[in-house]
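The analysis underlying the following values was restricted to heavy atoms, covering all of them including side chains, and did not include hydrogens, waters or symmetry mates. First the proteins, then the strands, lettered A, B, ... as listed; each starts at 1.
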There are 2 protein chains.
Amino acid sequence: MAARPRIKDVAEYAGVSPKTVSNVINNFEHVSDRTRETVKEAIEALGYRVNIAGRQLRQGRTGMITLAVPELDVAYFAELAKHVMAEADRRGQTVLLHQTNGVRERELAALHGFDAQFTDGVILSPLALHPRDVATRDRRLPVVLLGERPAEGSTDHVAIDNVAAAREATAHLLSRGRRRIAVVGGMVRGPQGTDRLRTDGYREALKEAHVPFDSDLVVPVDAFHWRDGARAAAALLDADPRPDALLCLNDHLALGALRALYERGVSVPGELDVVGFDDIEASQFSVPSLTTVAPDKREIARAAVALLLDRIDDPDTSPLQDHVVGHEVIVRESTGG
Amino acid sequence: MAARPRIKDVAEYAGVSPKTVSNVINNFEHVSDRTRETVKEAIEALGYRVNIAGRQLRQGRTGMITLAVPELDVAYFAELAKHVMAEADRRGQTVLLHQTNGVRERELAALHGFDAQFTDGVILSPLALHPRDVATRDRRLPVVLLGERPAEGSTDHVAIDNVAAAREATAHLLSRGRRRIAVVGGMVRGPQGTDRLRTDGYREALKEAHVPFDSDLVVPVDAFHWRDGARAAAALLDADPRPDALLCLNDHLALGALRALYERGVSVPGELDVVGFDDIEASQFSVPSLTTVAPDKREIARAAVALLLDRIDDPDTSPLQDHVVGHEVIVRESTGG
DNA sequence: CATGCGAATTACATCGATGTAAATGTGCGG
DNA sequence: CCGCACATTTACATCGATGTAATTCGCATG
């Protein structure tokens with residue numbers, strides 16, 4: 001089987017110089033129609049395809065960006081990835097997707113381009129990164145962080161207003177008369193991660209409604225998966241007094257909780273309300289369907305890609321951006337919708 | 001901000017030749033410990049990282065493989081992607097993930113390497129590919145197909161035994177006394193796609209049990225999403241006589257059906273059984289939990305990566321493989337488990 | 001101390017595409 | 001028919017890493 005043809009082969013076949021072929025490929029304007037036609041035929045005839053390595057070596061750009069998320073089988077990240085890839089596509093970029101499993105080491109690797117000068121920049125959704133990791137990173141690789149923000153400054157950042165989102169979701173529960181609202185996946189003290197910010201928003205809502213805060217109702221979890229939500233909900237049912245609502249910090253926790261409540265015969269929303277975050281597709285189809293805080297994922301993707309490409313084009317001058325994306329509380333059956 | 005250092009800069013810093021630096025990077029054996037140490041320090045000091053483009057240009061390999069799936073927000077593909085990426089990682093390869101949206105044009109592009117000589121090979125999960133597309137493809141790019149197989153030969157292929165899987169799932173329903181089993185997403189005539197093969201398996205099971213086949217019970221769908229399952233289930237409830245079981249050809253259809261049945265007040269598995277395919281994580285946590293056919297996803301991923309890498313190493317000689325992966329019917333609440 | 005041998009290191013060419021600058025071609029006015 | 005302006009096309013060098021082959025080094029032996 002013949003080796004892949006090079007630009008030189010196409011040139012010889014077409015009877016022109018390699019550079020002319022290159023000019024045709026790149027739609028350079030000063031190429032006569034006849035030459036362009038001849039070259040295109042040669043490309044077709046030989047089945048020629050650009051070798052990206054050669055191009056990148058010359059141009060210094062790959063046209064690829066890295067997207068690093070914790071886990072693809074967490075629906076939120078899969079949906080986000082889908083949007084980022086679509087947006088990148090629209091802007092002529094290719095996405096290299098990585099999973100970090102939320103492990104600091106791998107997030108660090110992402111932050112530094114996976115020990116290869118590979119893609120032009122990185123969009124990273126961190127979980128375990130330490131503030132110092134971000135502060136001391138190698139500034140030569142453009143990075144946009146999503147969601148968590150271990151440290152101010154140093155990178156561009158895109159996220160929803162987590163405090164406001166949690167406040168609104170909590171207010172919704174309070175407006176339905178709920179008073180003992182548990183926070184599944186919450187965190188009272190500790191770094192300003194998403195869990196902490198959302199717990200803060202929850203507390204703000206309680207305060208506004210003059211409902212006392214009870215730290216026993218803030219339940220940390222190992223991970224944000226179904227099983228953790230199920231486990232936490234089961235534990236909360238045994239508490240005395242029982243909570244009358246669960247504010248779950250993502251939809252998987254909430255869906256796991258729904259399952260546990262079903263197993264215990266607790267009616268939702270009759271006896272207890274449940275709210276999630278992320279608005280993954282499953283939350284529309286669960287039984288009962290799930291009230292949730294929907295971030296504008298498309299806008300997150302759009303902003304992240306835009307910020308990153310700007311930063312790639314112009315690494316130094318433009319000021320660091322902190323893009324806040326809209327969100328919305330979608331009321332469904334799990335809170336009487 | 002300084003530009004990224006090249007191998008030459010490291011060489012100068014360490015006082016050796018570029019080739020020696022390269023030897024250190026690639027763990028070439030004939031390098032003295034002292035030199036190795038010096039070079040490593042220089043790499044560290046300058047923050048040097050390999051430029052993949054340069055390496056690939058020289059070596060003719062990228063160490064990257066493409067994985068092209070229809071949609072990441074279909075959980076099965078997200079889970080599969082996760083496994084493929086993990087397996088590729090284990091074998092020192094990086095995965096470039098693409099979504100085709102099940103559009104023939106994009107699948108064709110994947111089959112041909114996305115008009116760039118980019119990755120070393122492609123793992124493609126096709127939906128819309130025409131047999132001719134596969135038969136006439138450019139053989140210079142190694143390809144492994146997953147699931148659907150538009151044409152025999154021409155590529156390596158990995159899938160479960162769809163006929164047997166559907167036969168077993170149907171037999172399970174029959175053993176529970178179900179006799180009017182609808183196939184959601186099924187196809188009686190048409191190409192040997194997954195839907196057709198599974199419908200064939202369903203028919204085999206009926207035949208073995210001497211249950212007559214009724215083509216009205218085979219319901220095609222637009223796509224394999226929740227909403228399509230919900231829609232199909234709703235339509236089937238209005239049929240007379242009603243089916244007493246739904247064999248849904250993936251879990252999303254099944255979960256959507258469960259939702260529709262819940263809305264209509266039909267008890268599962270009391271009045272009606274539901275079975276899915278894929279064993280996505282959600283099927284463990286749905287209400288009721290879902291009986292489903294679980295393909296060995298890890299093995300699919302392992303085999304696909306292995307076949308592809310073999311083909312990359314040795315494009316011509318080894319015979320085309322058709323790897324059949326194991327599956328298992330997991331009985332849960334939706335069929336009385 | 002010359003010689004030989006393997007280990008360690010290096011010079012050089014090369015992978016494929018494209019930017020630069022120079023060369024060639026074309027059309028038009030004078 | 002000449003010369004100029006502009007459009008096309010081309011020669012050549014270059015991006016960064018590494019394979020090949022040649023060179024240098026270190027050390028033991030006669």
Worksheet item: To the nearest angstrom, how far is B:Ile43 atom CD1 from D:dA17 atom P?
Response: 10 Å
Worksheet item: Ignoring hydrogens and geometry, is there a side-chain-to-backbone donor-acceptor pair from B:Glu107 to B:Leu129 under 3.5 Å?
Response: yes
Fill in: Expected output: side-chain A:Arg106 to main-chain A:Gln99 donor-acceptor under 3.5 Å
yes
Practice prompt. Quickly work out the A:Asn26 CG to C:dA17 P distance and round it to whole Å.
Written response: 11 Å
Worksheet item: In the 5'-to-3' direction, what one-character label does each nucleotide of nucleotides 7-15 of chain D receive under the scheme B = base within less than 4.0 Å of a protein heavy atom, S = sugar-phosphate only, - = no such atom?
Response: SBBBB-BBB
Practice prompt. Can you tell me the distance, in whole Å, between the CD1 atom of B:Ile52 and the C1' atom of C:dA17?
Written response: 18 Å
Worksheet item: Starting at CD1 of B:Ile25 and ending at P of D:dT18, how long is that distance when rounded to a whole Å?
Response: 6 Å
Worksheet item: Is a side-chain N or O of B:Asp314 found less than 3.5 angstrom from the main chain of B:Asp310, in a donor-acceptor match?
Response: no
Item to complete: Indicate yes or no: does B:Arg4 engage B:Asp9 in a salt bridge with an N to O separation below 4.0 Å.
Response: no
Worksheet item: To the nearest angstrom, how far is A:Asn51 atom CG from D:dG16 atom P?
Response: 16 Å
Worksheet item: So do the side chains of B:His157 and B:Gln321 get within less than 4.5 Å of each other, counting heavy atoms only?
Response: no
Worksheet item: Between the side chain of B:Thr38 and the main-chain N/O of B:Ala14, is any donor-acceptor distance below 3.5 Å?
Response: no
Worksheet entry | Rounded interatomic separation in angstrom, taking CZ from B:Arg55 and P from D:dG16 | 15 Å
